[in-house]
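Here's the structure, in structure tokens; my notes come after.
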Number of protein chains: 2
Amino acid sequence: MQMKTGVEQAVYATFMLSFLPDKAVLPGEVISQRIGASPTYFQKLLRKLVSADLITSVAGVKGGFKLQRRPEQISVYDIYIAIEGQQSLYTSNGIIQDMLHISPTTQCCLLSDLMAEAESAWITVLKKETIASLVQKFHTATYEQEIDSFHRWLEEKTVY
Amino acid sequence: MQMKTGVEQAVYATFMLSFLPDKAVLPGEVISQRIGASPTYFQKLLRKLVSADLITSVAGVKGGFKLQRRPEQISVYDIYIAIEGQQSLYTSNGIIQDMLHISPTTQCCLLSDLMAEAESAWITVLKKETIASLVQKFHTATYEQEIDSFHRWLEEKTVY
DNA sequence: GTACTTTTACTCGGATACCGTCTGTCCGAGTAATTATGG
DNA sequence: CCATAATTACTCGGACAGACGGTATCCGAGTAAAAGTAC
């Protein structure tokens, strides 16, 4: 039970796109290269973000990806759902129905409520962090030189 | 990212054992049969619970499993850890280090703190529910007839 | 110089292969209660 | 009747096969900007 690495990659891809100026885009291969992911597979992740209306895509030459919403309106939870899907962390297997010889259609799982509550607490934390708040934390980091270098690289790769 | 079914099975196995009288045990195959799991694989789960000191085992004829601690002292979280292991839900892949070209040994993941907080909130909920509290909820259910039937079956299979 | 065609650089989506993990099965070994055997 | 041996019913732990999902790769199709071409 581990979170997919794709979620982390998607978060940082969205994070990266948040630095783009308006109307500018970044090709998928550029993003994947900087993140260190396999280009073709990473494009699938980007398309999941597109389907979730978190980013948009521009086809053709000078095409690429850019944010669809403002960074304050994209939470880590949004990205998590876009990549992992909406299935919950726990789904009952109806074991207690087996134990008591009750019809499987009956709703009486002792764990479902608990697990739902636990997942809700987990989600709450993921919802309160947005791309914008991540950027804020990023700038308080002590890596000004690397951040500058990153910004220069980004500007070089940006497509207008 | 879904919880293993083994966790649910282990919870109900522990739950089942909590109804045993002192000194009595229940063979692993009896438990697995009632839960509807494959006997040989389920024994592996039981042994994980033994390793975690949640239950104890008795070898030989008239052997089986019984609780090691009192039901109030076995939380759902204990069982979860026993089955899934202690690895956390999220482990950083060092993507931001790749992005910024920083040494991978550097600790600067923007997500780690958030994910740790989220997991902590999740764990808190799982810790507060114990086998004892599950039994309590169980008895408030409206399946008195099935519960009676279950108790009779259990007594029949109990090994003293 | 304008209209048209070709090239180029992207996204899009399906098909497929790889690989690690969870699940399931088999086997031999150890253990202890029961039963059988021998005197 | 008692001591010892064999049987039985369990747990224990390793080895291994199958299924599934996440990861990765390839390919053809669509799209739009840029470049080339014809008149």
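Proteins get letters first, then strands, A, B, ... in listed order; numbering begins at 1 in each.
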Find the distance [X]:[atom1] to [N]:[atom2] and express it as a whole number of Å.
{"X": "M1(B)", "N": "dT21(C)", "atom1": "CE", "atom2": "P", "result": "16 Å"}
{"X": "Q2(A)", "N": "dG21(D)", "atom1": "CD", "atom2": "P", "result": "18 Å"}
{"X": "N93(A)", "N": "dT23(C)", "atom1": "CG", "atom2": "P", "result": "9 Å"}
{"X": "E84(B)", "N": "dC22(C)", "atom1": "CD", "atom2": "C1'", "result": "10 Å"}
{"X": "K48(B)", "N": "dT11(D)", "atom1": "NZ", "atom2": "P", "result": "18 Å"}

query: Are V58(B) and I55(B) in one and the same hydrophobic cluster, where Ile, Leu, Val, Met, Phe, Trp and Tyr link if side-chain heavy atoms are under 4.5 Å apart?
result: no

message: Tell me whether I95(B) shares a hydrophobic cluster with L26(A), the cluster being built from Ile, Leu, Val, Met, Phe, Trp, Tyr side chains joined at under 4.5 Å.
response: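 Cluster IDs for I95(B) and L26(A) match.
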
message: Can you confirm whether or not the ring centre of F150(B) sits under 6.0 Å from the ring centre of Y143(B)?
response: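 Here the rings of Y143(B) and F150(B) have centres that are no less than 6.0 Å from each other.
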
- prompt: Salt bridge check: are D113(B) and K137(A) linked by an N-O gap of less than 4.0 Å?
  reply: no

- request: Determine the minimum heavy-atom distance between E119(A) and L89(A), stating which atoms define it.
  value: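 For E119(A) versus L89(A), the nearest heavy atoms are OE1-N, 2.9 Å.
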
- line: Closest non-hydrogen atoms of A82(A) and L49(A), given as atom of the first, atom of the second and distance, are CB-CD2, 4.0 Å

query: CD of Q2(A): more than 12 outside heavy atoms within 6.0 angstrom?
result: yes

field: Q9(A) or T56(B), whichever maps to the more 5' nucleotide of DNA chain D
entry: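 Looking at the nearest nucleotide for each, T56(B) comes out on the 5' side.
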
query: Which sits closer to the 5' end of DNA chain D, G64(B) or V61(B), going by the nucleotide each is nearest to?
result: V61(B)

message: Side chain of F65(A), heavy atoms from C-beta onward: which of dC12(D), dG22(D), dC12(C) has the nearest atom to it?
response: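 When the side chain of F65(A) is considered, dC12(C) is the closest of dC12(D), dG22(D), dC12(C).
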
message: Nearest to the side chain of K4(B), heavy atoms from C-beta on, is which of dC12(C), dT23(D), dC22(C)?
response: dC22(C)

- prompt: Is a donor on one side and an acceptor on the other found under 3.5 Å between the side chain of R34(B) and the backbone of M99(A)?
  reply: yes

message: Just to be sure I understand the geometry, which residues of residues 153-160 of chain A put a non-hydrogen atom under 4.0 Å away from DNA chain D?
response: none

query: Does anything in residues 12-47 of chain B reach DNA chain C, meaning a heavy atom under 4.0 Å, and if so which residues?
result: S38(B), T40(B), Y41(B), K44(B)

message: Please tell me if T5(A) has a side-chain N or O lying less than 4.0 Å from either OP1 or OP2 of dT23(D).
response: yes

task: Assign the ring pair H151(A) / H139(A) to parallel, tilted or perpendicular, where the plane angle (0 to 90°) is split at 30° and 60°.
output: tilted

